[in-house]
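What follows is a set of notes on a single structure, which appears directly below.
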Amino acid sequence: MTVGAVNLLHRPEINIALIDREGREQSIEAHLDTGFTGNLTLPTAAITQLRLPFIGSTNFRIGDGVLTRFDLYEATIWWQGNQRTINVLASEVFPLVGIGLLWGNNLSVDFKHGGEVSISELQDG
């Protein structure tokens, strides 16, 4: 299970553990964004610090409906107790966790200051 909290801006957030190119774990805070269908966004500075490999570019429709081109990187993260390789979009906003990463999980949020955020894997059945 992954846990987090609702911050003072009313945004649910969690910590994501990323593995850098030397195999060291680095934690980042990321907001949950159910309108974002990708896995994760990171600012360029974080991508550079982690030395994530560039894998190409992709088009993504952003919140205002505009189709925008983003650089795409590969990252290894700890997710629900397992290492997982995901695609990361470079974006100069606060790191965002999207539906791509949340898929197959149950998300529960207590929407109040400091409210609990919990993400648990759905069981097959």
Side-chain angles (χ1 to χ4, degrees):
M1 179 184 302
T2 301
V3 296
V6 175
N7 66 23
L8 293 175
L9 299 173
H10 301 184
R11 296 183 178 140
E13 62 185 14
I14 60 172
N15 284 318
I16 298 284
L18 291 115
I19 312 298
D20 70 15
R21 292 288 286 266
E22 285 75 39
R24 293 179 302 235
E25 186 177 310
Q26 297 189 32
S27 182
I28 59 142
E29 279 187 353
H31 295 166
L32 302 182
D33 184 351
T34 60
F36 169 47
T37 58
N39 293 311
L40 181 67
T41 68
L42 288 175
T44 305
I47 290 168
T48 301
Q49 179 182 359
L50 292 162
R51 296 181 42 212
L52 300 181
F54 175 75
I55 57 174
S57 296
T58 188
N59 292 321
F60 237 86
R61 199 164 301 282
I62 59 175
D64 62 4
V66 174
L67 195 61
T68 305
R69 191 151 194 84
F70 290 91
D71 286 341
L72 192 61
Y73 296 83
E74 185 176 85
T76 301
I77 64 170
W78 281 104
W79 184 250
Q80 304 296 39
N82 299 301
Q83 278 194 11
R84 180 172 169 184
T85 301
I86 62 168
N87 292 337
V88 172
L89 297 178
S91 178
E92 297 310 317
V93 297
F94 197 86
L96 300 174
V97 169
I99 295 298
L101 197 53
L102 295 172
W103 194 257
N105 290 272
N106 180 344
L107 169 63
S108 175
V109 180
D110 294 335
F111 280 99
K112 64 180 184 177
H113 292 294
E116 183 178 317
V117 175
S118 65
I119 304 167
S120 57
E121 285 184 278
L122 294 173
Q123 299 303 314
D124 292 317

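Here the closest non-hydrogen pair linking Val117 and Val6 is CG2-N, 4.0 Å. Closest approach of Ala5 to Gly114, counting heavy atoms only: CB-O, 4.2 Å. The two atoms that bring Arg84 and Gly100 nearest to each other are NH2-O, 3.6 Å, heavy atoms only. Across Ile119 and Gln80, no two heavy atoms sit closer than the pair O-NE2, 3.1 Å. Closest approach of Thr34 and Leu107 over heavy atoms only: CG2-CD2, 4.3 Å. Nearest heavy atom pair, residue Ser118 against residue Glu116, reads CB-OE2, 3.8 Å.
Here the CD1 atom belonging to Ile86 is positioned 5.5 Å from the CG atom belonging to Leu101, to the nearest 0.5 angstrom. Atom-to-atom distance recorded for Gln26:CD and Ile77:CD1 is 14.0 Å, nearest 0.5 angstrom. For the atom pair CG (Asn39) and CD (Glu74), the distance works out to 11.0 Å, reported to the nearest 0.5 Å. Between the CD1 atom in Ile99 and the CG atom in Leu32 there is a gap of 9.0 Å [rounded to 0.5 Å]. To the nearest 0.5 Å, the span separating CG on Leu89 from CZ on Arg69 amounts to 11.5 Å. Note: Leu18 CG to Leu42 CG = 6.0 Å, rounded to the nearest 0.5 Å.
Without hydrogens or angle criteria, Ser120 side chain to Met1 main chain gives no donor-acceptor distance under 3.5 Å. Side-chain N or O atoms of Glu92 include one that pairs as donor or acceptor with a backbone N or O of Thr44 at under 3.5 Å.
In this structure, the side-chain contact (heavy atoms from CB on, under 4.5 Å) partners of Leu9, at least two apart in sequence or on a different chain, are Asn7, Arg11. Scored by the salt bridge (charged side-chain N to carboxylate O under 4.0 Å, His left out) test, Glu22 finds Arg24, Arg51 as partners (sequence neighbours excluded).
Criterion: ILVMFWY side-chain heavy atoms under 4.5 Å apart, direct or through other members. Under it, Phe36 and Leu40 are not part of a common hydrophobic cluster. Val109 and Leu122 fall into different hydrophobic clusters, where Ile, Leu, Val, Met, Phe, Trp and Tyr are joined by side-chain heavy atoms under 4.5 Å apart, directly or via other members. Ile28 and Leu96 end up in different hydrophobic clusters when Ile, Leu, Val, Met, Phe, Trp and Tyr side chains are linked at under 4.5 Å. Residues Ile14 and Leu8 do not share a hydrophobic cluster, clusters being chains of Ile/Leu/Val/Met/Phe/Trp/Tyr side chains in contact below 4.5 Å. Linking Ile, Leu, Val, Met, Phe, Trp and Tyr whenever their side-chain heavy atoms come within less than 4.5 Å leaves Val3 and Phe111 in two separate clusters.
Counting only heavy atoms from C-beta outward, the side chains of His113 and His10 approach each other to under 4.5 Å.
Contacts classified as ring-ring contact (aromatic ring centres under 6.0 Å, His included) and involving residues 63-82 (residues at least two apart or in different chains) are given here: Phe54-Tyr73.
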